[in-house]
Amino acid sequence: RSGYYFQVNAAGTMIDGTLQNDDWNDDSWDGVWQAHAKRDAQGWSAEFRIPYSQLRFRKTEPMVWGINFARNIQRHNEGDYVVFQRKNASGFVSRFPHLVGLQNVAPRRSIEFLPYVTQKGEFLGHAADDPFNDGSRFKPDVGADLRMSVGSGLTLNATANPDFGQVEVDPAVVNLSDVESFFQEKRPFFVDGSSIFSFGNQGASDYWGFNWPEPIFFYSRRIGRSPQGSTPDADFSSVPFGTTILGAAKLTGKLGPAWNFGTLHALTASEEAKLATGSLRSESEIEPMTYYGVARGLREFKGRQRGLGVMGTVAERNFQSQSLRDQLNSRSLMGGLDGWTFLDKNQTWVISGWSAMSRVQGNTTRMSRLQRNSRHYFQRPDADHVEFDPDATSLTGFGSRYWLNKQKGRSFVNAAAGFMTPSFDVADVGFQNRSDVINAHFGGGYKWTDATRWRKYQNVLGAVFSAWDFGGNHTYGGGYLSGNTEFFNNYSTEYSLAYNPRTLNNRLTRGGPLTENDPGYETSLYFDTDGKAKRFYFISGYGYTQPEADSWNWNVFPGVEFKPASNLTFRVGPGYERIREYAQFVTRIDDASATDTYGARYVFANLEQTTVSANVRLNWSFTPRVSLQLFAQPLISSGEYTDYKELARPKSFAFRHYGENGSTFDPATGTVDPDGPGGAAPFQIDSPDFNFRSLRGNAVLRWEYMPGSALFVVWTQE
């Protein structure tokens, strides 16, 4: 089910990675090996030199490996394999032919040591009297990475004060929702071999969701994140961009022929903000020293018919200040089981999934905040299945989800059911948007894999889906249809349509009472040209959402890729998005006279938002060992709020508009009197209008001056 892959093209450019779950590939692994290509009148040939030290294997007699060979001919969109995976089947690694005849081959011990020295210059906007920033800053740094084999099946990676300077910057986003934004991990130490820590989605080749908030049980971006604590008020402050990683180590590989294993441990430093008020200088802890630990094991049984895995995570914090104890969990734990079993010898039908338990601990102030945050919303006044506990010092929750897949033949089936209890929380080490959900779907489809005069491949699929909370409220549902067509000229298109009926919403009021979701539908369309053989490559994406609640969202993301030479690619992808939201949450105002909505006024407004952006990429390979990569993202997003109003009653989408029926609203000051001459107290709304402008990007010049050793020169713009 797992392995390595090595590729080289006719120009001598090399690619490597790992294979996992029998069908998937991961390009995060970076091995030290060599390959060269030679072109002549008959075509081209390639030679590989892959040291045994780069491969994890056990010494056995006789030595039998699985091996496959492939050639991709881009101009024909053709792939030639010794053994290939049919389009109406699953499984790739397990189909490899046997390589026999290897004798006296023993695992080789390897040690790779990667020290680094950097000199970073920063040129920053600043106030004239800022004592912490005079406009420029120079920061030298040193550190080192280590990779070495441990026994015949394991690899140890360790790092001290790692440098992530060559990593591409995160794109800018404007997030008006109640959940955090997700960003991909790009840091080499955490990316390398990360697939071994994948949990919950093993055995099957595809996993559908349909508004199921699938948690990521290990989200390595938590390690070295920006400090989480609040910064005290001061005239000027200096806050570290990220938390220092004092050291980290991981051990990955195989404990035996059938056991995959991985464990990671990291220690991050306590961080302090420097503060200045007048002539007074002080410091305040904004991130405690924290230990992160992850352990993962997966046992594959004979014939890959079934597998069973286990995973555990822990985060432990050492606080120096009481204020941080009130803001962060002191300890977080997660333990889970996952696995799969095929229901037939042909491995057509498979059941796979996971079950897990979480526990977070902290003082009563922190646990009160956790119960009220957007993952839980225990304070909802009309929820009788959860109860806010101000004296709680821990939360324990459970979650589980299982899929049924038919993954061979022209027809396919994908069905699943799962739940996460209201107190389930793995966000300290993982990534999770929400809990309190029960979700299920049933879907299937058909695919045509025989080529015709006009198309090479076609599929259609459909599904029905629903979701509830643990109070029995129907929070989501609908039907979905989509298709994919690959034409004979290598153009392709994808299209979809979904309908969502009237349901209830337990999140719109951000911890307040239930509201209604009016019915709506969604459409999307994607189209691209032949990007493998042509100098110009065009793509276009389009999406549209129209609920009946006078809200809509449409966007278009075209793109063009230009290849003026075989070693140079330039790609521009502009984007345009328009959003009209009839009920965008603004604020909550406590008011005992608002008896219809449990003693609080939930204020909303119309939002008109326009976003214009572009992703610009340049990849230039001067030689197979010297390259320049450029990424730039300009983004402008503006939002205007109008028609301020409040929720009229729970379980509805009815509102009382300010300035009507006796209420008053002064747009100049934002002052609202919800009942005019009545007894309700006036209140003020600060204008949430915004005009956000951003330019982010970086350029990386990389020279691999010998196999496994590289020099980087980096420019970053934020």
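Both backbone and side-chain heavy atoms feed into the values below; hydrogens, waters and symmetry mates do not.
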side-chain contact (heavy atoms from CB on, under 4.5 Å) between Val239 and Thr231: does it pass, once the steps are laid out? CA-CA 8 Å; Val239 178; Thr231 304; 3.8 Å; yes

Examine the side chains of Thr244 and Glu271 and answer whether a donor and an acceptor come within less than 3.5 Å of each other. yes

Classify the ring geometry of Phe465 against Phe210: parallel below 30°, tilted from 30° to 60°, perpendicular beyond 60°. parallel

Would you call Arg187 and Glu185 a salt bridge, taking side-chain N to carboxylate O under 4.0 Å as the test? yes

Flag side-chain contact, heavy atom, 4.5 Å: Arg696 against Pro171: no

Salt bridge or not between Arg617 and Glu561? Use side-chain N to carboxylate O under 4.0 Å. no

Residue of the set Tyr658, Phe604, Phe655, Phe665 for which ring-ring contact (aromatic ring centres under 6.0 Å, His included) holds with Tyr644: Phe665

Measure centre to centre between the rings of Phe431 and Phe217, then say whether the value is under 6.0 Å. no

Carboxylate-amine/guanidinium proximity below 4.0 Å for Arg601 and Glu646: yes

Does Arg434 pair with Asp436 as a salt bridge, N-O distance under 4.0 Å? no

Any heavy-atom pair between the side chains of Met420 and Trp212 that's under 4.5 Å? yes

Side-chain contact test, heavy atoms from C-beta onward, threshold under 4.5 Å: evaluate it for Asp425 versus Arg375 and give yes or no. yes

What class does the angle between the rings of Trp554 and Tyr576 fall in, given that below 30° is parallel, 30 to 60° is tilted and above 60° is perpendicular? tilted

Heavy-atom side-chain proximity of Gln327 to Arg369 below 4.5 angstrom: yes

State, yes or no, whether a side-chain contact exists between Pro513 and Tyr598 at a heavy-atom distance under 4.5 Å. yes

Any salt bridge between Glu180 and Arg225, counting N to O under 4.0 Å? no

Do Gln717 and Leu695 touch side chain to side chain, with heavy atoms closer than 4.5 Å? yes

Just checking Gln684: does its CD atom have more than 12 heavy atoms from other residues, nucleotides or ligands closer to it than 6.0 angstrom? yes

Before accepting this row, confirm whether a basic side-chain N of the pair Asp596/Arg649 lies closer than 4.0 Å to the acidic partner's carboxylate O. no

Has Asp590 got more than 12 heavy atoms of other residues, nucleotides or ligands less than 6.0 Å from its CG? yes

Say whether Thr515 and Asn505, considering side chains only, have a donor N or O and an acceptor N or O under 3.5 Å apart. no

Do Asp170 and Lys186 have side chains that approach each other closer than 4.5 Å (heavy atoms only, starting at C-beta)? yes

With a 4.0 Å cut-off on N to O distance, would you call Arg380 and Asp382 a salt bridge? no

Please tell me whether Asn473 and Thr475 have a donor and an acceptor in their side chains that are separated by less than 3.5 angstrom. no

Test: Arg317 and Asp428 ion pair at under 4.0 Å: yes

Please report the C-alpha distance between Glu214 and Asn201 in whole Å, then the side-chain angles of each, then the deciding distance to 0.1 Å, and finally whether the side-chain contact (heavy atoms from CB on, under 4.5 Å) criterion is met. CA-CA 10 Å; Glu214 177 79 355; Asn201 298 151; 3.5 Å; yes

Assess whether a salt bridge exists between Glu516 and Lys651, defined as any Lys/Arg side-chain N lying under 4.0 Å from an Asp/Glu carboxylate O. no

